[in-house]
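Below you'll find the structure, written out as structure tokens, and then a few comments.
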There are 2 protein chains.
Amino acid sequence: MQTPLARKLAHYVALDTAELAALEMLQRPDRVLGPGTELGWEGQIGQKAFILASGWVVSYKTLRDGSRQIVDFQVPGDFIGVRNILFRTAEHSFETITDVALSEVSGADLIAVFSTAPRLATAILWALSCEEAMVVEHLVDVGRRSALVRTAHFLLELGARLRLVGLASPDGYDCPLTQYLLADALGLSAIHVNRVLRRLREMGLLTFRDGVVRFDDLDALVKLAEFDMAYLMDAGPLLQRIPPTAAP
Amino acid sequence: MQTPLARKLAHYVALDTAELAALEMLQRPDRVLGPGTELGWEGQIGQKAFILASGWVVSYKTLRDGSRQIVDFQVPGDFIGVRNILFRTAEHSFETITDVALSEVSGADLIAVFSTAPRLATAILWALSCEEAMVVEHLVDVGRRSALVRTAHFLLELGARLRLVGLASPDGYDCPLTQYLLADALGLSAIHVNRVLRRLREMGLLTFRDGVVRFDDLDALVKLAEFDMAYLMDAGPLLQRIPPTAAP
DNA sequence: CGTCGGGTTGATAACTTTCAAATTTCGTGG
DNA sequence: CCACGAAATTTGAAAGTTATCAACCCGACG
């Protein structure tokens, strides 16, 4: 039985037994949390990093007026707060959405992986890099796409991420997000999200109900959203370009 | 005479002579380009990275319908495309806005710095990390702030970045951006940007004219934009937390 | 001159939010 | 099993924000 992270990395590089073992070591879930738990907050120093084994987490920034912008959702196989253990940047806050299981990862753990399994380390960096590329795509979503296209694009992207870890099919996926969460991610009001979802449903494109996203017409949806998952699915050629010596 | 990058890094850590020399080596401007030059484009592999010595560069993504979202502006002292030499992520495009001078940096150069001047390397990583944190702040801007606050916040942020490299004062700075560029960065129409700028001017907060941003009432502006430059100015305590051995 | 890129303004249309309220869902305790 | 309350969803109407369209102005430049 593969873990989500192993499954994701397998898309980028074929790991050998030793690497798989090292990976296994990193992600023994050692913590289980209920929904609505804070994992850290802006400005905190020396936080821990985590690998999410199951469940969903949201990372966001809160504004003074109480509104918030969701930067990203983390799904199984994603890292949480890796940046925080390396640098003190004003990071966002993290909060669990569902029940989650995660494993804590220290800086020492990461460094150990870098020295013992450089190929694995590179694959991890690549996955991290993808997660950051998604923030850019998210910015494009919010800045330049209509509410309808934006919502479609976002839900497609989530689907693509979940497929990487085996939690979605071309037909759809389980999605524990409320319309409020979706609204804060998309920069819309929850009420408008509701209308947009209704429109997508009436257009026969997708149905989001009872915690399930179902793609009713995937092709039309991809076309509407001009969705291109290349930046997620590309086989990372990095391993040919960064020899192991680059990460001693 | 300090280079912009040296000036910026000096905010984070006091570099010794050897480190300064290594830094100097990295940024011999070896290329001068006129405005409107493309530096790379989405999906390209194995691109070069650059350090910007003078002038402004824009990084953006283009949508099918021709509209675009500007992800960030690069100002002197910033890196361009570092991610690209390490990973093949679907990156954005880069284009010069003004005349620019830049130095090409290869992966080998970077790796060399990491082995010979780890403290410098860490400072560089920290600066890079800040640049990425700014994308997140940008997302918050576009997603959850009104056009007025968003514009004010963005121009303040640019000012803060420029002050780090000695190109701005508390009074204002030279800014070669057109209202169209600003619009594509802020997710607004150029026409609306014009109106917003007029309003900011009429409110006595800031004047953006003839390529100059002047802060007419910095305190009020900071308050309006709920601007917090902590994530830019914080003395990075990272050097105490990441011993040189972490970057061999 | 005449054109072109940038800036400015007004009028109108479109999109999105806000406010208010009804409806449904769901966990919990009676 | 049902009742209850909190949370989530849904809908309508009105208000507000921003985009679009259509001009016009201005300075740089050939």
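Quick caveat: nothing in here was measured; it's all calculated off a predicted structure. Below, chains carry the letters A, B, ... as their sequence lines are ordered, and counting in each starts from 1.
Inspection of the B:Ser59 and B:Asp72 side chains reveals no N or O donor paired with an N or O acceptor under 3.5 Å. Side-chain N/O atoms of B:Gln27 and B:Thr3 include a donor and acceptor closer than 3.5 Å.
Taking 4.5 Å as the limit, some side-chain heavy atom of A:Leu39 sits within range of a side-chain heavy atom of A:Leu102. For the pair B:Leu186/B:Thr151, a side-chain contact is recorded, criterion being any heavy-atom separation below 4.5 Å from C-beta on. Under the 4.5 Å side-chain criterion, counting only non-hydrogen atoms from C-beta, B:Phe227 is in contact with B:Glu157.
The separation between A:Phe208 atom CZ and D:dT10 atom C1' is 15 Å, rounded to whole Å. C:dG5 atom P lies 19 Å from atom CG of B:Leu177, rounded to whole Å. Spacing between atom CD1 of B:Ile191 and atom C1' of C:dG6 amounts to 12 Å, rounded to whole angstrom units. Here the C1' atom of nucleotide D:dG12 and the NE2 atom of A:His192 are 15 Å apart, to the nearest Å. In this structure, A:Leu197 atom CG and D:dT10 atom C1' are separated by 11 Å, rounded to whole Å. For the pair A:Ile97 CD1 and D:dA7 P, the computed distance is 17 Å after rounding to whole Å. Nucleotide D:dT17 holds its C1' atom 18 Å from the CZ atom of B:Arg145, rounded to whole Å.
Nucleic acid contact for B:Ala147: sugar-phosphate only, since backbone atoms but no base atoms lie under 4.0 Å from a heavy atom of the residue. Residue A:Gly211 is classed as having no contact, given no heavy-atom separation below 4.0 Å to the nucleic acid. If you check every strand for non-hydrogen atoms under 4.0 Å, A:Arg198 touches sugar and phosphate atoms only. Residue B:Thr178 is classed as a sugar-phosphate contact, given heavy-atom separations below 4.0 Å to backbone atoms only. Looking at heavy-atom distances under 4.0 Å, A:Leu188 makes contact with sugar-phosphate atoms alone, never a base.
Positionally, the nearest nucleotide of DNA chain C for B:Tyr180 lies more toward the 5' end than for the other of A:Ser189 and B:Tyr180. Mapping A:Leu148 and A:Asp210 onto DNA chain C by nearest heavy atom places A:Leu148 at the nucleotide closer to the 5' end.
The base of C:dG10 sits with one of its N or O atoms less than 3.5 Å from a complementary donor or acceptor on the side chain of B:Arg195. Between the side chain of A:Arg199 and the base of C:dT16, no donor-acceptor pair of N or O atoms lies under 3.5 Å.
Considering only side-chain N and O atoms, A:Gln179 lies nowhere under 4.0 angstrom from the phosphate OP1 or OP2 of D:dA7. Between B:Arg209 and the phosphate of C:dG6, there is no side-chain N or O to OP1/OP2 separation shorter than 4.0 Å. Applying the 4.0 Å criterion to OP1 and OP2 of D:dT10, one finds that A:Asn194 has a side-chain N or O inside that range.
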